[in-house]
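Since we're looking at a predicted model, the values are computed, not measured. Naming: A, B, ... by sequence-line order, numbering from 1 per chain.
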There are 2 protein chains.
Amino acid sequence: MLDCKREFHDSEEGVRTAMPENDTTAPGADATPGSSATPGAGAATPAVTREALAQAALRVLEREGLAGLSMRKVAAEVGVKAASLYWHVRNKQELLDLLNDAIMGSAEPPPREGGWREQFHAYCWRYRRLLLDNRDAAKVVAGRLAPGPNLLGLMEDQLDRLRAAGLSDADAAMASYLLGAFVQGFVLQEQSPISAAEVLGGSRREIAVAAGDLFRALPAEDFPNLVDLADDLTAPDMDARFEFCVQRILDGLAALLPPDRR
Amino acid sequence: MLDCKREFHDSEEGVRTAMPENDTTAPGADATPGSSATPGAGAATPAVTREALAQAALRVLEREGLAGLSMRKVAAEVGVKAASLYWHVRNKQELLDLLNDAIMGSAEPPPREGGWREQFHAYCWRYRRLLLDNRDAAKVVAGRLAPGPNLLGLMEDQLDRLRAAGLSDADAAMASYLLGAFVQGFVLQEQSPISAAEVLGGSRREIAVAAGDLFRALPAEDFPNLVDLADDLTAPDMDARFEFCVQRILDGLAALLPPDRR
DNA sequence: CATGGCTGCCTAACACTGTTAGGGGTTGGT
DNA sequence: ACCAACCCCTAACAGTGTTAGGCAGCCATG
């Protein structure tokens, strides 16, 4: 009776994250967590829903970054004290799961035109763009697989195209996984600061130059290739680098198809 | 005078992380904590070096995971109080950089035999194995590019082979980057818990089954592909999945080479 | 030998974090 | 009017990274 509240906030557990459950990003006063369905609902103005929490977390993330995203700040963002969040959310990790899918919410699949190669290409770029545009999105997404309604929708669409391209079921599933893993890894690397050069809080280009100097300053007898390739290794054009990688993966996938379908 | 200590702990800044500086993996039993080090020992016996710190951090990481790795615990591991660490290290991030390269220290490049494809293949697998064998290594490595002596050595060797395979300078640099980004992303995904299934603290296989059930339970009219490919999407054999991805990348790289060098 | 400066550690403290216990209103249903 | 559920609150706990300032030994110099 004491902690009956922690028991369950809504009807089912496993299905909730899976069900699309019409998520209107609209600030409508409806759609309290899941309890709206349960008869005998009490409160008049919920004021804070799981949707609202996710959006608030998104704003805090944009403003303060992942390291600065605390329960107290998210609570303040929705006009509430920290402890109250635990009514709607089991712990911070669950809030991050909501945030996770909220980030995916702003993604939209590329137009369904052109060959599979163009479409897969566009998918990679859009996903990267999504991760780059939302602050610390890569860190939030990485290390947590939160199959919320938004992510599920994207996967569904993606798989549909891969199968239409002629990939087998297993290959389509693998390819989808490959895309996700690679893009996440790439953006994570791309955004990761270089330890040696962090002292100078310079721009991306400046620290690339600094990294180049670092490589060039190595003893040439021990690291001939690093010294030699310093420029190539620290080329600051990340778009070109990404494009290269994507093309490699596309070529690799193309090799799975019969020659007439590439 | 007050904080003169924070000025510099050692000679040069930028070069330190770059120089190999013979790293002994610490001679056995001495490093054990306890108050034995404190009495009578002055400045003569340092008792805690950056190397020792890195090794201690590695042990704490193995025992408690990244989330449980705190300055106080690492300090206790070397028999010292937390504040003392800031004499040797600027902040926690710098300790993590040391840890980063310490993890890389246990990597050894694959034998230099077979074609470039076998060697690149082995590189991918060894890197993944390294990240899997050291607890939370993927999380430590991701989001931080710490070009310590160990990582530099690996890059050097890797680039050497890629160039020997016939890749252009730019392509070799890109390919090396691709390898790192992909493997990190893959292992990160591989190890990331699934939000919906975390309640059951089951094994990898169990949560894969649970994820499969989750996909199968989706409304078939909205997610026909997810329902259909549930088995393929949740196939628990991560080795096979990794192998697939690596082969795609290898194929993609092979397309860069003239047909006679593939 | 004495003096100071440097090294390496210490204790205390600050502002913060996630999380829990328990209490108090407001609401709707009976 | 009562009850139960809902939603939020205050207070507190243990733990975090980090800094200020102090204190004991070692070095080299006067």
Side-chain angles (χ1 to χ4, degrees), chain A residues 1-11 29 31-50 52-53 56-57 60 64-97 99, chain B residues 1-11 33-50 52-53 56-57 60 64-97:
Chain A
M1 188 176 201
L2 294 174
D3 49 355
C4 58
K5 59 180 183 179
R6 186 148 295 92
E7 220 55 69
F8 273 119
H9 309 142
D10 39 15
S11 47
T32 48
S35 55
S36 61
T38 62
T45 56
V48 40
T49 53
R50 294 177 125 246
L53 265 187
V60 175
E64 320 248 12
L66 180 57
L69 186 140
S70 72
M71 295 299 258
R72 284 171 171 85
K73 284 181 192 151
V74 173
E77 182 74 20
V78 293
V80 149
K81 297 308 173 64
S84 305
L85 296 191
Y86 290 84
W87 176 257
H88 306 272
V89 152
R90 208 181 304 268
N91 48 29
K92 187 182 182 180
Q93 190 55 251
E94 191 171 311
L95 201 169
L96 289 179
D97 289 339
L99 178 58
Chain B
M1 184 179 190
L2 293 174
D3 49 356
C4 58
K5 58 180 185 180
R6 187 147 295 94
E7 222 54 69
F8 273 120
H9 308 143
D10 40 12
S11 49
S35 54
S36 63
T38 315
T45 55
V48 39
T49 53
R50 295 176 125 247
L53 266 187
V60 174
E64 320 247 12
L66 180 57
L69 186 139
S70 70
M71 295 298 260
R72 284 170 171 86
K73 285 183 192 148
V74 173
E77 183 75 19
V78 293
V80 146
K81 296 309 173 65
S84 305
L85 296 191
Y86 289 85
W87 176 257
H88 307 271
V89 150
R90 209 181 304 270
N91 48 30
K92 187 182 181 180
Q93 191 55 252
E94 191 172 311
L95 201 169
L96 289 179
D97 289 339

A:L95 CG to C:dT17 P, straight-line distance once rounded to whole Å: 14 Å

Measure CE/A:M71 against P/D:dA12 and give the value in whole Å, please. 21 Å

Salt bridge check: are B:E77 and B:R72 linked by an N-O gap of less than 4.0 Å? no

Atom CG of A:L96 and atom P of C:dT17 are separated, to the nearest Å, by 14 Å

Most 5' of A:K81 and B:K73 on DNA chain D, judged by nearest nucleotide: A:K81

B:V89: which of B:L96, B:L53, B:V74 passes side-chain contact (heavy atoms from CB on, under 4.5 Å): B:L53

Test item: B:V48 and B:H88 side chains (from C-beta on) under 4.5 Å apart, heavy atoms: yes

Measure from CG on B:L85 to C1' on D:dT18 and round the result to the nearest Å. 11 Å

Are B:W87 and C:dC9 close enough that a side-chain N or O sits under 4.0 Å from OP1 or OP2? no

Check B:A56 against B:V78 and note the closest heavy-atom contact, atom names and distance. CB-CG1, 3.4 Å

Looking only at side-chain N and O atoms, does B:H88 come under 4.0 Å of OP1 or OP2 in C:dC9? yes

Separation between CG of A:L95 and CZ of A:R50, rounded to the nearest 0.5 Å: 9.0 Å

For a quick check, tell me whether the side chain of B:R72 and the base of D:dG15 share a donor-acceptor pair closer than 3.5 Å. no

Of the listed nucleotides D:dT18, C:dG18, D:dA20, the one nearest the side chain of B:A83: D:dA20

For B:E94 and D:dG17, give me the distance from atom CD to atom P, rounded to whole Å. 15 Å

Have a look at A:S84 and say if it touches a base, only the backbone sugar-phosphate, or nothing, with a 4.0 Å heavy-atom cut-off. base

Rounded distance in Å - NZ (B:K92) to P (D:dG15): 15 Å

Reckon B:L69 touches a base, only the sugar-phosphate, or nothing at all at heavy-atom distances under 4.0 Å? sugar-phosphate

In whole angstrom, what separates A:Y86's OH from C:dT20's P? 7 Å

